[in-house]
Amino acid sequence: MKRISVLISACLISSALSYSSVPDATILFPEVKGWELTLNERVYVPSDLWDLIDGAADTYLSYSFIELHLADYDNDAGISVRVELYRHSTFNNTFGIYTSERSPDYNFIDIGSQGYLEEGALNFLCGYYYVKITTGNQGDDAQKSLVEIAENIQDQLKQEKNWPDIFQFFPPDPMPYSDHYIAENFLGFEFLHSAFIADYSRDEEDFQVFMIKTENPEEVREMLAKYLKFAKQDDQVSEGHFKIHDPYNGDIDVILKGNTLAGIINCDVESTLQEYIGFLIDRL
Amino acid sequence: MSQRLNRRFFLKSSILGASAALLSTKAVAFNDNVKTDKPNNKDDEQPKIITRILGKTGIELPALSMGVMRADNPNLVKAALKAGIKHFDTAHGYQRGNNEQMLGEVFKDVPRDSIVISTKIPAGERGRDGAPNIGYSKEAFLEKLDISLGRLKMDHVDMLYSHGVSSREEMFNEAVLDAMTTAKKAGKTRFIGLSTHSHEPEVILAAIETGVIDVILTAINFKQDHYPELKEAIAGAAEKGIGIIGMKNLAGGYLDEEKQKPINAKAAIKWVLQDPNITTCIPGFVTFDQLQEDLELLTDITMKPEELNSLELASAEIGLYCQGCGKCLPACKKSLPIPEIMRAYMYAYGYANMEQAYTTLVDNNVPVNPCSDCGMCTVQCSKNFHISEKISRITRLKDVPQEFIS
């Protein structure tokens, strides 16, 4: 009986976190005029993602990868396009894996919540799906094919063009395409997780701002308490500003307010630091 | 190999490990390719770092290296370097190149000859159904190497691997072998090799046959069914002077479905290092705590009795996941879709995804506790899963009202 109740509890928790409809390969991949669609019968799950992407799978698993569906599109001109749909447990996790593979140098295009087109590859964030489209063909037609298939996939998936709300509380003018999400082991500590980060550059000083927002204030207070304990600081956890003397990552200024822990990393210019601390205190 | 036989091999290996433990750290130094050195910036009272020679490459490496694949904090890499770790392993595809980029930033001001860097480039994209599509030309492979070197801010790597070789056929991919030997001649890599985590013995034997492979990065751990064959293949490669590096030593990392019982990481790595043919291992630590724990392996790789016990217990644990071999299917009197039910079990107990588990059961028309009126279960799982028990546990999910799940 106890096991059943645990199971039901797990169901309730899981349902709040997981995707709201049932994925099915036949409805994930649209028929596209002029293209022959071949669905891949094999669906990759966490236990066998290694078979396809080798060691890169570990990063996907750290963002609660659920499953991967694949399909191929071929046209009469001899162009073959492969589509990979990586589904993760939450939008934030999908955002996290997408941004972990993104570079600000890429050629960004208007697709999904965000996406980019490179030679032979078009990747984009589309709700719970991280969509990766590739071709071994070269030339303009091949590149146009990537866009054509991507637009059809986007239409088919019918996902909202989300972006994590928390970034609206960040200081203005982050470095372009620097916003990202670390699901686990933020700063190299198991007790810090679910962190949103953006890079900033001011007067030749490069630094980062992060925010962790938890369901309840106790959770984020516990994170701060563990961080202070690790740094061997006996400060009492309360709302306000702390400077953590992290032996590995250097001094880190953090602000605790409600259920949010925000911080500034790698900023050595005192005036800039104070300005951003002030901003975060006002904004949270 | 049967579970019983596998266990016997494990115990045999454990006894060898125990013998090594009795001989203390110094015993390891009796191996020809083992040396000791002082940790960086430490005084004479500090224990010496255990090093081994990587086959015919002559590279001397600490027994502990770092698989950087999941590390996104440059300070973690810096801490590892400062602690005495010398070899860092990455790949062209990790985080779509951001992993190499991060290493390039970390090492840009570090003397190049003080570190040993390896990267991996795939022989081609995986094709439909995951089958290898040996599609890269020599030029495409070399182009990717140039991109990797640019990210790493280096003019060469120390080891260049063909990434994820899983068959003899892939090993003999002429375009890749040609590309790697060309890169070596051009000075873009000092040595060439491959990484493998599937059909390793077959791949290693094929690598020996090529006559050009310097280093093999192989999955190796105490839970592999084919460990005896792998150990033999490794010995054959070592005899030919091929350097061997171990990866995937933690066998998944956890003993239990709830991920509450982590495998004893130090013990698992030590177990691999009892084979003197393994020069070093590349655990992928991602926290400073994990780094600190693993750092003990720099100076002590002797197996303690309690570590042996922990691995023996772990080896006896039955794995969580069905491999979908389908060998069970003919034996089931009710023709149940057992691999699919086991997949549902994995969703529920492995990934806490009840909705996916429920959907899998519904899609496959699996009733609640279908085994209840079946006497003796005739199904024998090749992985020794208790099939009927797992079916009983997971199919109860269908009794839960759907509104609680989706």
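First the proteins, then the strands, lettered A, B, ... as listed; each starts at 1.
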(request) Please flag which part of Ala91(B) lies under 4.5 Å from any non-hydrogen atom of chain A: side chain, backbone, both or neither. (result)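 Contact with chain A is absent: no heavy atom of Ala91(B) under 4.5 Å.
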
(message) Can you tell me which portion of Lys248(B) sits under 4.5 Å from chain A's heavy atoms? Options are side chain, backbone, both or neither.
(response)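 Contact with chain A: side chain only.
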
(request) Go through the side-chain N and O atoms of Glu84(A) and Tyr86(A) and say whether any donor and acceptor fall under 3.5 Å apart. (result)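 Yes - a donor-acceptor pair under 3.5 Å links their side chains.
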
(request) Just say parallel, tilted or perpendicular for the rings of Tyr181(A) and Tyr63(A), cut-offs at 30° and 60°. (result)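 Tyr181(A) and Tyr63(A): tilted rings.
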
(message) Taking the six-membered ring for Trp, are His88(A) and Phe65(A) closer than 6.0 Å centroid to centroid?
(response)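 Here the rings of Phe65(A) and His88(A) have centres that are less than 6.0 Å from each other.
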
(request) Heavy-atom distances under 4.5 Å only: say whether Tyr106(A) touches chain B with side chain, backbone, both or neither. (result)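 For Tyr106(A), the side chain is the part near chain B, not the backbone.
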
(message) Does any backbone or side-chain atom of Asp48(A) lie under 4.5 Å from a heavy atom of chain B? Answer side chain, backbone, both or neither.
(response)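 Nothing of Asp48(A), per the 4.5 Å heavy-atom cut-off to chain B.
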
(message) At a heavy-atom distance under 4.5 Å, which candidate from Asn249(A), Thr59(A), Asn185(A), Ile97(A) has the highest pair count against chain B?
(response)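 Winner by heavy-atom pair count: Asn249(A).
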
(request) Measure from the side-chain N and O atoms of Glu100(B) to the backbone N and O of Gly97(B), and report whether any donor-acceptor pair falls under 3.5 Å. (result)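 No; zero donor-acceptor contacts below 3.5 Å.
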
(message) Please determine whether the number of non-hydrogen atoms from other residues, nucleotides or ligands lying under 6.0 Å from atom CD of Glu190(A) exceeds 12.
(response)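 12 or below, so no.
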
